[in-house]
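Right, one structure below, let's go through it.
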Number of protein chains: 2
Amino acid sequence: MNQALPSLTLPGATLEHLRARCATCSMHQLCLPMGLDTADMDRLDQIIGRRRKIVRGGTLFRIGDPFGSLYAIRLGHFKTYQLNPDGAEQITGFQMAGELLGMDAISADRHHCNAIALEDSEVCEIPFASLQQLLVDMPTLLRHFHRMMSQEITREQGVMLLLGNMQATQRFAAFIVNLSSRYEARGYSPYVFQLRMSREEIGNYLGLTIESISRLLSKFKKEGLLRVSNREIELLNPAMLKAITAGTQSCD
Amino acid sequence: MNQALPSLTLPGATLEHLRARCATCSMHQLCLPMGLDTADMDRLDQIIGRRRKIVRGGTLFRIGDPFGSLYAIRLGHFKTYQLNPDGAEQITGFQMAGELLGMDAISADRHHCNAIALEDSEVCEIPFASLQQLLVDMPTLLRHFHRMMSQEITREQGVMLLLGNMQATQRFAAFIVNLSSRYEARGYSPYVFQLRMSREEIGNYLGLTIESISRLLSKFKKEGLLRVSNREIELLNPAMLKAITAGTQSCD
DNA sequence: CGTGAATTTGACTGACATCAACTCAGGTGG
DNA sequence: CCACCTGAGTTGATGTCAGTCAAATTCACG
């Protein structure tokens with residue numbers, strides 16, 4: 001039930017699958033529709049455009065940029081954010097290797113959010129025109145693409161639930177648990193990982209202030225739920241964190 | 001700039017287009033991809049499944065229901081909501097005639113939210129398997145379908161901005177302005193309309209309590225921004241409401 | 001090291017929630 | 001026709017969670 005912030009990880013996509021094509025640009029979810037044969041995979045690889053490196057703090061795309069491509073993250077982390085008319089940011093998501101960026105731009109041929117690299121990162125450009133061509137020929141890929149867009153809708157609904165319904169403690173626990181499960185799905189430790197984003201970015205995303213995030217980290221540390229060392233955190237009591245996320249445990 | 005809660009209205013879709021096919025089941029956006037010829041339109045009409053009437057308070061689909069069809073609203077209004085593990089609802093959207101329901105279910109072949117009619121309503125069932133078939137043959141429709149899914153992603157990002165960043169007054173103004181523009185796009189008065197949802201549902205959607213909504217209505221009434229009579233409201237100063245939505249006006 | 005940025009911690013404040021009492025609209029039955 | 005009932009909505013008093021402000025501390029990096 002901790003679907004609050006589902007990742008884009010595919011049901012059924014195993015690490016073996018991921019790693020099998022890891023050497024090529026296919027190390028992203030778009031290339032992992034189950035049931036694609038090797039020939040299809042190769043066709044898919046062929047339309048992948050150039051790779052692009054983005055330095056920490058660099059921009060992948062900006063609000064208003066004309067939409068030409070989707071981007072599959074090969075390496076690194078990104079944040080996407082909206083701008084209030086008054087200029088305030090609202091971070092709408094943190095994306096990691098294997099996830100797809102830019103799907104919100106299809107509707108109006110312009111990007112609707114800014115995408116910034118949280119660390120030195122690398123993406124594959126997937127020209128949308130070529131992709132559409134391919135979708136027509138490959139029903140399996142088409143279905144898969146629809147699943148990915150749908151999953152993004154579901155993810156955002158989870159964030160709405162979080163922002164509309166949860167208390168600060170619950171939001172923060174949900175955030176940690178979500179990151180944990182996404183790292184686990186990628187073959188990294190679900191218990192020890194680096195926060196790639198600042199306290200401020202976490203707070204912005206969760207609708208809280210930087211001070212609140214700091215206090216929550218201290219609180220979880222004091223209660224033995226987390227070990228915190230700068231941006232590295234360790235989940236000492238994942239079960240309790242999940243219970244807090246689910247709202248079944250009030251955490252004092 | 002009041003894109004806070006964009007509707008699914010198509011850029012370029014005119015009322016003439018809407019009304020031209022209004023007699024058939026095509027009175028929904030899926031059938032309005034610009035550039036479809038009549039033969040294509042007819043093919044599209046043919047795959048539309050049965051119409052379904054849903055009484056006020058009735059259920060269109062529930063979390064966990066197997067996914068078979070998308071639903072185009074012909075008549076009436078719906079709400080969709082998520083459930084917290086602890087049982088609390090979070091309304092994720094209000095949908096009106098011409099909008100499409102169920103896109104979040106594509107990812108996992110199960111619905112991820114509940115959809116309830118706010119009044120006696122009518123939908124067209126669009127079997128997803130048939131639609132997929134058609135998408136392969138009709139690239140224009142395919143592109144259009146992608147735009148619609150993308151627009152839903154964008155809409156939800158707008159709600160995240162609202163829930164994460166805005167004050168109560170600004171949220172509520174954004175809500176009113178959004179409804180207004182959606183009614184306008186449908187050919188109804190953007191100034192006078194009925195709220196189809198209760199104060200409680202508005203509050204739930206905006207992350208506020210029923211009392212706060214009541215107070216905001218009173219406040220806007222006192223300031224001459226709205227006329228309120230039960231569930232009917234009139235926008236007396238749309239410009240100011242938009243300014244409040246944009247955060248450029250603090251509204252005292 | 002030294003400097004500025006990021007983070008932490010504490011004291012205070014405020015916006016919205018909660019609790020409670022009241023009003024009103026609409027429906028029902030005598 | 002009206003008295004009553006019920007649920008939705010309004011209004012006021014009070015409480016609280018998280019925001020704001022300010023100062024101390026730690027970290028990152030030249």
Side-chain angles (χ1 to χ4, degrees), chain A residues 55-57 79 84 86 88-91 118-120 162-176 194-223 226-233 244 247 250-252, chain B residues 56-57 79 84 86 88-91 118-119 162-176 194-223 226-233 244 247 250-252:
Chain A
V55 300
R56 175 193 171 107
K79 66 171 173 179
N84 241 359
D86 58 22
E89 301 188 4
Q90 170 66 41
I91 294 176
L118 294 175
E119 60 187 328
D120 292 355
L162 178 141
L163 289 174
N165 240 302
M166 297 183 182
Q167 304 284 59
T169 307
Q170 202 179 352
R171 291 186 201 185
F172 186 65
F175 173 73
I176 299 291
Q194 297 281 334
L195 299 171
R196 317 298 165 121
M197 63 295 287
S198 68
R199 308 283 195 264
E200 182 158 25
E201 286 164 333
I202 297 171
N204 181 301
Y205 176 64
L206 296 176
L208 301 169
T209 58
I210 180 174
E211 293 96 331
S212 293
I213 300 303
S214 186
R215 279 184 244 273
L216 285 165
L217 275 167
S218 302
K219 185 181 161 200
F220 281 8
K221 193 159 62 171
K222 194 162 60 191
E223 288 168 353
L226 290 181
R227 185 180 57 72
V228 183
S229 167
N230 301 325
R231 292 197 173 183
E232 181 176 296
I233 64 171
I244 295 170
S250 67
C251 165
D252 303 348
Chain B
R56 176 191 171 105
K79 67 170 173 179
N84 239 0
D86 58 22
E89 301 188 3
Q90 171 66 41
I91 294 178
L118 294 175
E119 59 187 328
L162 179 141
L163 291 174
N165 241 300
M166 297 184 183
Q167 303 285 61
T169 307
Q170 201 179 353
R171 290 186 202 186
F172 186 64
F175 174 72
I176 298 292
Q194 297 281 336
L195 298 171
R196 317 298 165 121
M197 62 296 287
S198 68
R199 306 283 194 265
E200 182 158 23
E201 286 163 334
I202 298 172
N204 181 299
Y205 177 64
L206 296 177
L208 302 168
T209 58
I210 180 174
E211 294 95 332
S212 292
I213 299 303
S214 186
R215 279 183 243 273
L216 286 165
L217 275 167
S218 302
K219 184 183 163 201
F220 281 9
K221 192 158 63 174
K222 193 162 61 190
E223 289 169 352
L226 289 181
R227 186 179 57 70
V228 184
S229 168
N230 301 325
R231 292 196 175 186
E232 181 176 294
I233 64 171
I244 295 170
S250 67
C251 167
D252 304 347

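So that the names make sense, note that chain A is the first sequence line, chain B the second, and so on, each numbered from 1.
For Glu211(B), counting side-chain heavy atoms from C-beta on, the closest listed nucleotide (dT10(D), dT8(C), dC19(C)) is dC19(C). The Ser198(A) side chain lies nearest to dT7(C) when the options are dG19(D), dT7(C), dT9(C). Of the candidates dG9(D), dT7(C), dA18(D), the closest approach to any side-chain atom of Ser214(B) belongs to dG9(D). Checked against dA11(C), dG9(D), dT7(C), the side chain of Arg215(A) finds its nearest nucleotide in dA11(C).
Gly207(B) comes within 4.0 angstrom of sugar-phosphate atoms only, judged by non-hydrogen atoms across all strands, and of no base.
Each of Ile210(A), Leu217(A), Thr209(A) was checked for a side-chain contact (heavy atoms from CB on, under 4.5 Å) with Ile213(A), and the lone residue meeting it is Leu217(A).
When the P atom of dG19(D) is taken as reference, atom CE of Met166(B) falls 17 Å away, rounded to whole Å. Rounded to an integer number of Å, the gap from CD1 of Ile202(B) to C1' of dT10(D) is 14 Å. For the pair Leu206(B) CG and dA17(C) C1', the interatomic distance rounds to 15 Å; values are reported in whole Å. Going from atom CD1 of Ile213(B) over to atom C1' of dT18(C) covers 16 Å, rounded to whole Å. With rounding to whole Å, Ile210(A) atom CD1 is found 13 Å from dG19(D) atom C1'. Taking atom CZ of residue Arg56(B) and atom P of nucleotide dG26(C), one finds them 12 Å apart after rounding to whole Å. With rounding to whole Å, Arg231(B) atom CZ is found 11 Å from dG7(D) atom C1'. Summarising the geometry, the separation between CG on Leu208(A) and P on dT7(C) is reported as 15 Å, rounded to the nearest angstrom.
Considering all non-hydrogen atoms of both residues, Met166(A) and Ala174(A) come closest at SD-CB, 4.5 Å. Of all heavy-atom pairs spanning Glu89(B) and Lys79(B), the tightest one is OE1-NZ, 3.9 Å. Nearest heavy-atom pair across Arg196(A) and Leu118(A) is O-CB, 3.8 Å.
At least one side-chain heavy atom of Asn84(A) sits under 4.5 Å from a side-chain heavy atom of Gln170(B).
Checking the phosphate oxygens (OP1, OP2) of dC17(D), no side-chain nitrogen or oxygen of Gln167(A) falls inside 4.0 Å.
Place Ser212(A) and Asn230(A) on DNA chain D by their nearest nucleotides, and Ser212(A) ends up nearer the 5' end.
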